[in-house]
Amino acid sequence: MKVYKTKFLLEKLVFAGCLLLICFVVKAQELELQVEGMATFDAASFSIENAGADFNTSVESESTLFLTVDSNDAWDKTNNPNRKWKVEVRKEDVSWDDAMQVEIVRSGNGYSKENNKSNHVNDGQNYQVVSANSSYFFRGKGLISEIPIQFRLSGISIVHGAGDFETNVMLTIYDD
């Protein structure tokens with residue numbers, strides 16, 4: 001009977017230890033991606049001066065969005081300042097024409113929140129098409145503020161007719 005109680009107690013302790021470990025793992029993954037700004041496009045880019053002409057083949061956003069990689073966890077900020085991460089991008093169409101494309105690019109590096117020279121960002125410096133499937137955009141290390149992002153619309157044409165076109169672009173940060 002004592003062997004059974006000891007085994008049962010040991011199983012409880014192992015189970016409690018696993019729960020505690022899972023809590024620490026979940027707690028350690030509290031990166032957040034903050035977005036500042038709004039993508040706007042110059043209305044003049046959508047004007048046609050001559051009969052029979054079409055819009056420009058692509059139109060870049062006139063404004064820049066800024067992304068900030070931060071952590072909600074003070075312990076993580078102190079004990080893991082060089083955490084590696086990656087950002088993925090996808091879109092969700094509300095009312096959109098499949099012939100039109102949204103493209104995204106990282107147009108700068110931002111700056112380290114802690115003035116840590118080892119913090120940096122890589123990739124994402126060429127326009128890439130944003131699709132409904134999540135795809136890799138860029139990666140980095142550490143907490144970085146004000147990473148500039150720009151958008152470009154391509155495939156727009158008078159053939160699509162007048163109307164409102166809307167899509168939502170989602171950026172998601174993951175541990176790398």
Show the nearest heavy-atom pair for residues [X] and [Y], with the distance to one decimal.
X      : Y      : result
Ile173 : Leu31  : CG2-O, 4.1 Å
Met170 : Lys91  : CE-C, 4.2 Å
Tyr136 : Asn122 : OH-O, 4.0 Å

Q. Mind checking what makes side chain to side chain contact (heavy atoms under 4.5 Å, CB included) contact with Ser63, not counting sequence neighbours?
A. Thr40
Q: Tell me whether Phe66 is reachable from Val130 by hopping between hydrophobic residues (I, L, V, M, F, W, Y) whose side-chain heavy atoms are closer than 4.5 Å.
A: no
**Q.** Cluster overlap Val105 with Met100, hydrophobic side-chain contacts below 4.5 Å
**A.** no
Atom pair [atom1]/[atom2] of [X] and [Y] - distance to nearest 0.5 Å:
X      : Y      : atom1 : atom2 : value
Tyr174 : Leu33  : OH    : CG    : 11.5 Å
Asp93  : Thr167 : CG    : OG1   : 4.0 Å
Ser131 : Arg90  : OG    : CZ    : 10.0 Å

Q.
side-chain contact (heavy atoms from CB on, under 4.5 Å) for Ile104 and Leu171? Distances and angles first, verdict last.
A. CA-CA 11 Å; Ile104 191 169; Leu171 299 160; 4.1 Å; yes
Q.
Show, in sequence, the C-alpha distance, side-chain angles and deciding distance for Val87 and Thr172, and conclude whether the side-chain contact (heavy atoms from CB on, under 4.5 Å) test is met.
A. CA-CA 6 Å; Val87 174; Thr172 308; over 6 Å; no
Q: Report yes or no: do Glu32 and Gln34 form a side-chain donor-acceptor pair below 3.5 Å?
A: yes
Q) Within the distance-only criterion (no hydrogens, no angle test), does the side chain of Arg106 pair as donor or acceptor with the backbone N or O of Asp123 below 3.5 angstrom? A) yes
Q: Output yes when a side-chain donor or acceptor of Gln101 lies under 3.5 Å from a complementary backbone atom of Ser154, and no otherwise.
A: no
Q: Mind running side-chain contact (heavy atoms from CB on, under 4.5 Å) on Val102 and Leu153 for me, showing each step along the way?
A: CA-CA 5 Å; Val102 176; Leu153 299 176; 4.0 Å; yes
Q: Test Ile149 against every option in Val89, Leu65, Val35 by the side-chain contact (heavy atoms from CB on, under 4.5 Å) rule and name the one that passes.
A: Leu65
Q) Name the one of Leu67, Ile144, Val69 that satisfies side-chain contact (heavy atoms from CB on, under 4.5 Å) with Val121? A) Ile144
Q: Report the C-alpha separation of Phe138 and Trp85 in whole Å, then their side-chain angles, then the decisive distance to 0.1 Å, and conclude whether the side-chain contact (heavy atoms from CB on, under 4.5 Å) test is met.
A: CA-CA 9 Å; Phe138 68 94; Trp85 45 264; 3.6 Å; yes
Q) Applying salt bridge (Lys or Arg N to Asp or Glu O under 4.0 Å), which residue pairs with at least one partner in residues 144-153 are found, sequence neighbours left out? A) Glu103-Arg152
